[in-house]
2 protein chains.
Amino acid sequence: MTSIKDVARDVEMSTATVSRALRGLQGVSDETRARVLESSRRLGYVPSPSAAGLASGHTRTVAVIVPRVTQWFFAAIVQGAEEVLREHGYDLLLYNLAGDASARHRVFETSLLTKRVDAVLVFSLKPSPDELERLSHLGRPVTIVGADMPGWATVRIDDHEAAATATRHLLDLGHERIGYLGGATEGVLDFTAPSARLAGYRGSLEQAGVAQCPELEADGEFTVAGGLRASRDLLARPDRPTAIFAASDEMAIGTLRAARELGLRVPEDVSVIGIDDHEMASYFDLTTVSQPVHEQGRVAAAQVLAALGDEDWRPEQVILPTELVVRRTTSRPQART
Amino acid sequence: MTSIKDVARDVEMSTATVSRALRGLQGVSDETRARVLESSRRLGYVPSPSAAGLASGHTRTVAVIVPRVTQWFFAAIVQGAEEVLREHGYDLLLYNLAGDASARHRVFETSLLTKRVDAVLVFSLKPSPDELERLSHLGRPVTIVGADMPGWATVRIDDHEAAATATRHLLDLGHERIGYLGGATEGVLDFTAPSARLAGYRGSLEQAGVAQCPELEADGEFTVAGGLRASRDLLARPDRPTAIFAASDEMAIGTLRAARELGLRVPEDVSVIGIDDHEMASYFDLTTVSQPVHEQGRVAAAQVLAALGDEDWRPEQVILPTELVVRRTTSRPQART
DNA sequence: TTGAAAGCGCTAACAG
DNA sequence: CTGTTAGCGCTTTCAA
């Protein structure tokens, strides 16, 4: 394995100069730099990240902690982040919790990240006070995506407003019995979105003077299967809702499925709206409130990179816009036959 | 930042002993180990991976190269691999090519991986001869998932057989005009599956004595959008096929959509079958040939870990089983009205 | 613009 | 069972 010494010997210079030349530092003559570059290419020299990291204190690696890569939403954020990181020569260390509490514990509590990464990106997880404590002890830039955490650098949408938009869309169409599919507001994979969306839903009903029915709020676990399960119950009720607002497109897709199983037509018998604009949403003709998923990953990555390059960088809270996308799963309620 | 020296000083032992105790090596008295453990916990000591890597030559990190994490199929493989790696204390470095040729070039050609990882997992990409050359120069275990690469450690399904199973299912139902949706058999995101599946399709037709129609073979790019596009053409033909076999579920989902747009009923007017058993497949009632996606990731990770622990480990070719899953998008062809 | 020297924090022989 | 001694391959002062 060829090392920096081999290159130094080859160009008859010190390793210090070779190092400087290779990293593009100034104070190296053009001629020397050219010779170093040529030599290291010829010798097939590749610097050792371990050695560089040990000596410099930077690993040029960023940790990305994500609830579950198999969900399109999270994967899309990761992809956005990966692009930006790669463009800047940073590597991405993926920690996929996959609903495993012990995995979560290991990543956060055992300080797995210490001395290992230059920055941390936390996606769609609401760190516990304890975990936040650990994160801040890292002394490294941290950006949290999808959660509202005052004092921390965050990137998210206005979840309350997104939910309100969806609910208002249904209200405007004339619906009054509107079911809600959300998820646990506490737990291993918690983030602040579920509670904010629930509040947005309730708030809109209230503002419209529509009675709130606790029995129309169900837990869809933010998955297709969960949405299917919860919708079956909701739609099998004698006083079933004329519309369902699912706080995520995956749950909405579950709802579409439940409706079909029960022989209900969408949107004639029941309107369905989601949030996200999932990649599959258009194939289901799903009306939804879109959010810039990929972009959130990009912005988050850009944020920690900026922090890395700027001593007195202050945490920023970035809120990205959402937009109502009307497709064909929502319409005016039909008179019940 | 507390280092191993601090712990050594605290327990009044050498750093070597502390290192041994912490790594669980034998030849350390129980009492010493206990004291070291207690001390490092109390002092909040966390070893530096850079230093350990530099000294030992192992980074306890594995690179995972994937075409596109946002596709469920790839994300599921990654998740499988991540689980196994994490269980063994390895970190996962994610390289998401996302159709970007320059990204691919950088990862493979510029020896990004050298000195950075202990092993490499390549998912659903067929490395070029040049890339294989680089990979073997790494001198590290490499496992390739989803491609048939003699001489290399691989994990995959029998793509030819999976395609044949799907085609035979349609033939058995009585279909004779069977469209095929595949993808480029060369290109940035190539792997060997597309050609093997196409061959499986053609072979089955031939064996059944059914005429092959080149005009019924289309490129669906292995995506929903591509499948939709290609199916629109196929299904708009006056002599449209009575069934379509899509070489991936995502393309099959695109086909379902195209059928709906054209006012064709599935399966009455056109039968549709895919391959994968995508997480969404059951919600579309899609008949498919399932493959153990998650498991392929697990096996691949287990394979490189085994290689890492065994000097004279030989590359193995693992082939995982597939199974026909009949749902409701396939049936006997109807007499054309 | 370049070099010498001193680590970074750990592991790996080799002794004892 | 434990310690000593060398590094691993870079980066970073400090000089020149």
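Here the structure is a predicted model, which is why all the values come from computation and not from measurement. First the proteins, then the strands, lettered A, B, ... as listed; each starts at 1.
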Between CD1 of B:Ile4 and P of D:dG3 the distance, given in whole Å, is 12 Å
May I have the distance from A:Leu22 (atom CG) to D:dC10 (atom C1'), rounded to whole angstrom? 11 Å
Hey, is the side chain of B:Lys115 poking within less than 4.0 Å of OP1 or OP2 on D:dC8, counting only N and O atoms? no
Do B:Val120 and B:Pro141 have side-chain heavy atoms sitting under 4.5 Å apart? no
Using a strict cut-off of less than 4.0 Å between a Lys/Arg side-chain nitrogen and an Asp/Glu carboxylate oxygen, indicate whether B:Arg60 and B:Asp91 qualify as a salt bridge. no
Nearest whole angstrom, please: distance from the P of C:dG9 to the CG of B:Asp6. 9 Å
Integer-rounded Å distance: D:dT11 P and B:Leu54 CG: 12 Å
Does a nitrogen or oxygen in the side chain of B:Ser29 sit under 4.0 Å from OP1 or OP2 of D:dT2? yes
Using only heavy-atom distances, determine whether the side chains of B:Ser102 and B:Asp100 contain a donor-acceptor pair under 3.5 Å. yes
Would you tell me if any nitrogen or oxygen in the side chain of B:Ser19 comes within less than 4.0 Å of OP1 or OP2 on C:dT11? yes
Rounded to the nearest Å, what distance is computed from the CZ atom of residue B:Arg9 to the P atom of nucleotide C:dC10? 12 Å
Grab the NZ-P distance between B:Lys5 and C:dC10 for me, whole Å please. 9 Å
Would you mind reporting whether A:Arg134 and A:Val107 have side-chain heavy atoms less than 4.5 Å apart? no
To the nearest angstrom, how far is B:Met13 atom CE from D:dT2 atom P? 5 Å
Give the rounded distance in Å between these two atoms: CZ of A:Arg35 and P of C:dT2. 9 Å
Would you indicate, yes or no, if D:dT2 has its OP1 or OP2 atom less than 4.0 angstrom from a side-chain nitrogen or oxygen of B:Thr32? yes
Of the nucleotides C:dA12, C:dG3, D:dT2, which one has an atom closest to the side chain of A:Thr17? C:dG3
Does a side-chain N or O of A:Arg60 approach OP1 or OP2 of D:dC10 to a distance below 4.0 Å, or not? no
Quick check on DNA chain C: between B:Ala51 and B:Ala16, whose nearest nucleotide comes earlier from the 5' end? B:Ala51
So do A:Ile65 and A:Leu121 actually touch side chain to side chain, heavy atoms under 4.5 Å? no
Sugar-phosphate only, base, or nothing, as touched by B:Arg20 at under 4.0 Å among non-hydrogen atoms: base
